[in-house]
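Structure first, then comments.
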Amino acid sequence: MEHSKGKVVGVSGNMVTVEMDGDVLMNEVGYVLVEDRRLKSEVIRIRGSQAELQVFEMTRGIGIGDPVDFTGELLAVELGPGLLCQIYDGLQNPLPELAEEYGFFLQRGVYLDRLPNKEWDFTPAVKAGDTVTRADTLGTVPEGIFKHRIMVPFNLYEAYKVKSIAKAGTYGLRDRIAELEDSKGNTIPLSMVFDWPVKRAIDAYAERLRPSKPMVTKIRIIDTFFPVSMGGTYCIPGPFGAGKTVLQQVTSRNAEVDIVIIAACGERAGEVVETLREFPELIDPRTGKSLMERTVIICNTSSMPVAAREASVYTAVTIAEYYRQMSLNVLLLADSTSRWAQAMREMSGRLEEIPGEEAFPAYLESVIAAFYERAGIVRLKDGSVGSVTIGGTVSPAGGNFEEPVTQATLKVVGAFHGLSRERSEARKYPAIHPLESWSKYVGTYDQEKTEHARKLLFRGNEIAQMMKVVGEEGTSLEDYITYLKSDFLDSVYLQQDSFDPVDAAVSKERQSYVLDFLFKILFAKLDLPNKDEARSFFYQMRQKALDWNGTDQSSDTFQTIENEITGMLSEKQTGIEEEAQVLFQSSQGQNNA
Amino acid sequence: MRKIYSKIEAIAGNVIIVSATGVRYGELALVNSGHGNSLAEVIRLNADKVSLQVFTGARGVSTGDEVRFLGHPMRVSFSDNLLGRIFDGSGRPRDNGPELTENLIEIGGPSVNPARRIIPRNMIHTGIPMIDLFNSLVESQKLPIFSISGEPYNQLLARIAMQAEVDMIILGGCGLKYDDYLFFKDTLEEGGALSRTIFFVHTASDPIVECLLVPDISLAVAEKFALKGKRVLVLLTDMTNFADALKEISITMEQVPSNRGYPGDLYSQLAARYEKAVDFEGAGSITTLAVTTMPGDDVTHPVPDNTGYITEGQFYLRNGRIEPFGSLSRLKQLVNRNTRDDHRPLMDGMIKLYAAYLESMEKKSMGFRMSDWDQKLLKYGVIFEKEMMDLSVNIPIEEALDRGWQILEECFSPEETGLRSDLINRFWPQKQEVH
Ligand SMILES: Nc1ncnc2c1ncn2[C@@H]1O[C@H](COP(=O)(O)OP(=O)(O)OP(=O)(O)O)[C@@H](O)[C@H]1O
Ligand SMILES: [Mg+2]
């Protein structure tokens, strides 16, 4: 089929204006031909016979009259086995292969095969004569630890008859493995790969379900206080240096999901390098294989072309949705969604659209909402369940959450993990603010008890504020002890050492066990005659509890320290606080039952 | 021979518009006006209308001046002959040396493939305890110095340049005061470092557009030297002037500003420069230190704010000292495990105690009672500021560590320091016998 052609009539930054000779689609891909390079571009506005294209490469050297080839296709990713372990740029160009061929620097206008041309062991799941529809499984290939489903492409909307299907055996990625016949008798040959446009959500499932099962991150403050559900969404806004990236890095290692897609969007290249170099060496305790085998990295760092940055989050979420179709739980981590929003702002500025707040385009909110909407837990047509969970960092200007990107994001996400400068400067990591953050999801720990712990934190904070004014002298002993308890909970439970081999990842069982135990201290009536003794008691407790956090639960030391803490507590304990009685009764009841 | 155009159709700010054909985006042109020649760069093409940004400014340009397109983008000569030389923002000599035209390279080239980067691993020793001990500088790091005018940030830069063990130094001055430029020149000359230094200096009185070129030209040259195996230290001062130049240009171009007049792509513009810092496996490296003055001492101002989101930490220079709080080298953990066993715990321990000192100071200022412990902290804080934070202190890391232990011993008993007992046993200074 012939596609339209065009000629460049204007260049401004990374946007070119093209006079075209035929029809083009919105978001269609075109190539600008310059110095025998083909620069990939996307149509972002059409006016009469002219289209504006954002160029995914440096535009230097483009001149008036340069030819443009349109492709008739939307910006798409290639889906198929071999996506895992890959390190892509925002347009699904494999970076290690580029490096091998071109050395240190990125070359413009070079697009390598997006999937490795490997052979795969195919096992058919249908037979000739069967009827299939989009997303039905034609067969499977083992991809690392997963059974990768080879599916009917999602853009085939009819019911088809399987005309032929390959026998079990080894086939190349692009070999023909099936032929389908449509209602008009046309034959459609299929390989293991197909394209899907990145800006369209994959909707080949039976129904969307409500996110209800927690996605365990092994970060205590998240799992207990601000949980995220499988198929849910959450955001991590915070000023620079507050720990957004570190938080996502530990989550990408430890989260209990099948697959993690890391979208490094407009941030530092150096941070991606850490992941690139370390993941292949790190063993995933759940599978015994390297972490890389469950990971895809989409990396469009801050000095890479800004239009490709805008595309990168869509590339990432499309790959996430694709694996969801295989009944897997996928986590997409995007760092930072603000850079993506800024990429939109840059294009909007070049299009001379009427700007909204802080010059962001008026459609910012709806675009952010549509992106997070692509998360979800779904029942697939075969009855199995898969999910995409999305966590995005936000980098608000001046660290002030009252800015458009943070506000638009807060409207749509299910959990808010707000990082505070105050806590990060006090080295209280993870610096998630315990009083300002929130989650609409249900966590792994008993709701009622969580509420009690939360109240203690609020009360502790009130007392701390008051103490700043009236000093320790002006604070009652009772209040002072409440303050110490809340500080104790903060130090030994909310804070967590991401760089300690044991403390970095805490299973939900251990979280419950430890918190149940800490409750005995937090709601104990204590015989502490004065503030000095109270302080020294809690400091000792804290030291012990921190040691405890650093020891393996199955070790003898764990038990020894627990006994020591119990001993120290029983020396001072005189009872249980009245309002907490109920908590201990209910857990008693459970034990007896 | 390329065509000469002699009809300038519009002039606004530093941007002129001519009708021309066969022109390419990013190409250079020579504008020949009554005041001499100036380079100009194509920054927009719209049919046959070409917008050019004139490097020396459009002031004095007349509609009848000649414009000749050069057919190539901005370039700079690259060879060892650059060493010891001083140039302006467009690469013209500022000293009395000859113009260099050999081996021209393009500036603002493509970025490094992230897959080819390596994890940084070498510490750069500066002799400044607040850096070496508390926030180690790492080869290939990009780090700004957040400061305000009046602070000795250029002195600090010059000192680091003199003492850092690097092969060469490139100083990029953006809106540098002439005195400061002379200061750098004299200091490096006295220290015998001039022969391994290249200057690209835009002074406060030079045309604003040239300010924009300084980081690119400096980094393009740095990159070439790094690829040839040199460890290059790039000093940029002051990047706030660079950002202000961006602001000025974008306003003339009638771009919608995003935040306090700065263009929406400020982050990407700054990142494109800072991300040039790199360690080339098997070759050399670029380390970038950049002064960012904070207007109104406000770190949430768009320039320091965007910078903080890009760089790998920051040093706060305040009251002539590098502040222990706020200052952060995000790469320090990659190198401070290889110096001495006590480096990390001593660093953490001393900072915690200094934080406690500040709390005691606050209590004191509010009139609360000072306990024995507060008294000890007050003593510690004073010594710490004098012996560690004062910028005149100039000692190697080992000595700084030893001094750290001495300070602790002077002020506290071992268990009060919160340091592990195995370290105390190894490093706690033995009391001198008193006779
Ligand atoms: N959980 C943690 N434990 C210990 N240190 C941490 C932790 N989180 C962050 N840090 C420290 O803070 C520094 C900055 O963290 P990080 O890079 O995650 O910040 P960020 O919020 O992503 O900043 P930016 O917006 O600039 O990217 C880290 O280099 C590390 O020194
Ligand atoms: Mg980050």
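Worth knowing before you read on, the calculation uses all heavy atoms, side chains too, and leaves out hydrogens, waters and symmetry mates. Just so you know, these numbers come straight off a predicted model, no measurement behind them. Throughout, a chain's letter reflects where its sequence line sits, starting with A, and its residues are numbered from 1.
Neither the backbone nor the side chain of A:Glu57 comes within contact range of chain B; no heavy atoms are under 4.5 Å apart. Proximity to chain B involves both the backbone and the side chain of A:Met304, based on heavy atoms less than 4.5 angstrom apart. Interface residue B:Thr311: only backbone heavy atoms are found under 4.5 Å from chain A. Interface remark: A:Arg350 contributes side-chain atoms only to the contact with chain B (heavy atom separation under 4.5 Å). Of the atoms belonging to A:Asp66, it is side-chain heavy atoms, and not backbone ones, that fall under 4.5 Å from chain B. Within the 4.5 angstrom heavy-atom criterion, only side-chain atoms of A:Glu473, from C-beta onward, approach chain B. In this structure, chain B has no heavy atom under 4.5 Å from any part of A:Thr17. At a 4.5 Å heavy-atom cutoff, the contact between B:Pro304 and chain A is made by backbone atoms alone. Looking at B:Met253, neither its backbone nor its side chain comes within 4.5 Å of chain A, counting heavy atoms on both sides. Of the atoms belonging to B:Glu106, it is side-chain heavy atoms, and not backbone ones, that fall under 4.5 Å from chain A. Using a 4.5 Å cut-off between heavy atoms, A:Leu276 contacts chain B through its side chain alone, with no backbone atom that close. Heavy atoms of B:Val112 lying under 4.5 Å from chain A belong to its backbone as well as its side chain. Only the side chain of A:Val306 comes within contact range of chain B, with at least one heavy atom under 4.5 Å from a heavy atom of that chain. In this structure, chain B has no heavy atom under 4.5 Å from any part of A:Pro404. Heavy-atom distances place no part of A:Val246 under 4.5 Å from chain B, backbone and side chain included. Heavy-atom distances place the side chain of A:Lys244, and not its backbone, under 4.5 Å from chain B.
Across A:Ala359, A:Gly399, A:Ser395, the residue that shares the most heavy-atom pairs under 4.5 angstrom with chain B is A:Ser395. Counting heavy-atom pairs closer than 4.5 Å to chain A, the top residue among B:His301, B:Glu281, B:Gln269, B:Arg369 is B:Glu281. Annotation: maximal heavy-atom pairing with chain B below 4.5 Å, among A:Val273, A:Asp89, A:Thr59, A:Leu98, occurs at A:Val273. Counting heavy-atom pairs closer than 4.5 Å to chain A, the top residue among B:Glu27, B:Arg44, B:Arg330, B:Gln255 is B:Arg330. Put simply, of A:Arg309, A:Arg108, A:Glu274, the one with the most heavy-atom pairs under 4.5 Å next to chain B is A:Arg309. Of the listed residues (B:Gly367, B:Gly108, B:Gly22, B:Ala272), the one with the most heavy-atom contacts under 4.5 Å to chain A is B:Gly108. Of the listed residues (B:Gly308, B:Pro110, B:Ala277, B:Gly313), the greatest number of heavy-atom pairs within a distance under 4.5 Å of chain A belongs to B:Gly308.
Smallest separation of non-hydrogen atoms from B:Asn113 and A:Gly103: CB-O, 4.3 Å. The nearest pair of heavy atoms linking B:Arg117 to A:Ala269 is NE-CB, 3.4 Å. When all heavy atoms of B:Leu45 and A:Ile64 are compared, the pair lying nearest together is CB-CD1, 3.8 Å. Contact between A:Arg60 and B:Gly26 at its shortest, heavy atoms only, is CG-CA, 4.5 Å. The shortest heavy-atom contact between A:Gly398 and B:Asp305 is N-OD2, 2.6 Å. Across B:Ala271 and A:Ser303, no two heavy atoms sit closer than the pair O-CB, 4.2 Å.
With sequence neighbours left out, the side chain to side chain contact (heavy atoms under 4.5 Å, CB included) criterion links A:Arg421 to A:Pro239, A:Phe240, A:Ser424, A:Glu425. With sequence neighbours excluded, the residues forming a salt bridge (charged side-chain N to carboxylate O under 4.0 Å, His left out) with A:Glu267 are A:Arg339, listed by chain and number.
Side chain of A:Arg268 to backbone of B:Ile310: a donor-acceptor contact under 3.5 angstrom is found. Looking at B:Tyr25, its side chain does come within 3.5 Å of a backbone N or O of A:Gly13 through a donor-acceptor pair. With hydrogens and angles disregarded, no donor-acceptor distance shorter than 3.5 Å links the side chain of B:Glu275 to the backbone of A:Ser302.
At least one side-chain heavy atom of B:Ile118 sits less than 4.5 Å from a side-chain heavy atom of A:Arg277. Looking at B:Glu223 and A:Phe105, their side chains come closer than 4.5 Å, going by heavy atoms from C-beta outward. Looking only at side-chain heavy atoms (C-beta outward), A:Val34 and B:Arg24 come within less than 4.5 Å of each other. Using a 4.5 Å heavy-atom threshold, the side chains of A:Phe104 and B:Val278 count as separate.
With 3.5 Å as the limit, one finds a donor-acceptor pair spanning the side chains of B:Ser268 and A:Glu346.
The interface of residues 349-365 of chain B with chain A, defined by heavy-atom distances below 4.5 Å, is empty. Within residues 256-267 of chain B, the residues having any heavy atom under 4.5 Å from a heavy atom of chain A are, by residue number, B:Val256, B:Pro257, B:Ser258, B:Asn259, B:Gly264, B:Asp265, B:Tyr267.
More than 12 non-hydrogen atoms from other residues, nucleotides or ligands lie less than 6.0 angstrom from CG of A:Asn530. In this structure, A:Gln107 places its CD atom where more than 12 heavy-atom neighbours from other residues, nucleotides or ligands lie under 6.0 Å away. Counting heavy atoms of neighbouring residues, nucleotides and ligands inside a 6.0 Å radius, atom CD of B:Glu254 does not exceed 12 of them. More than 12 non-hydrogen atoms from other residues, nucleotides or ligands lie less than 6.0 angstrom from NZ of B:Lys247.
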* For B:Ile119 and A:Glu278, what are the C-alpha separation, side-chain angles and deciding distance, and is it a side chain to side chain contact (heavy atoms under 4.5 Å, CB included)? -> CA-CA 10 Å; B:Ile119 298 181; A:Glu278 284 169 8; 4.3 Å; yes
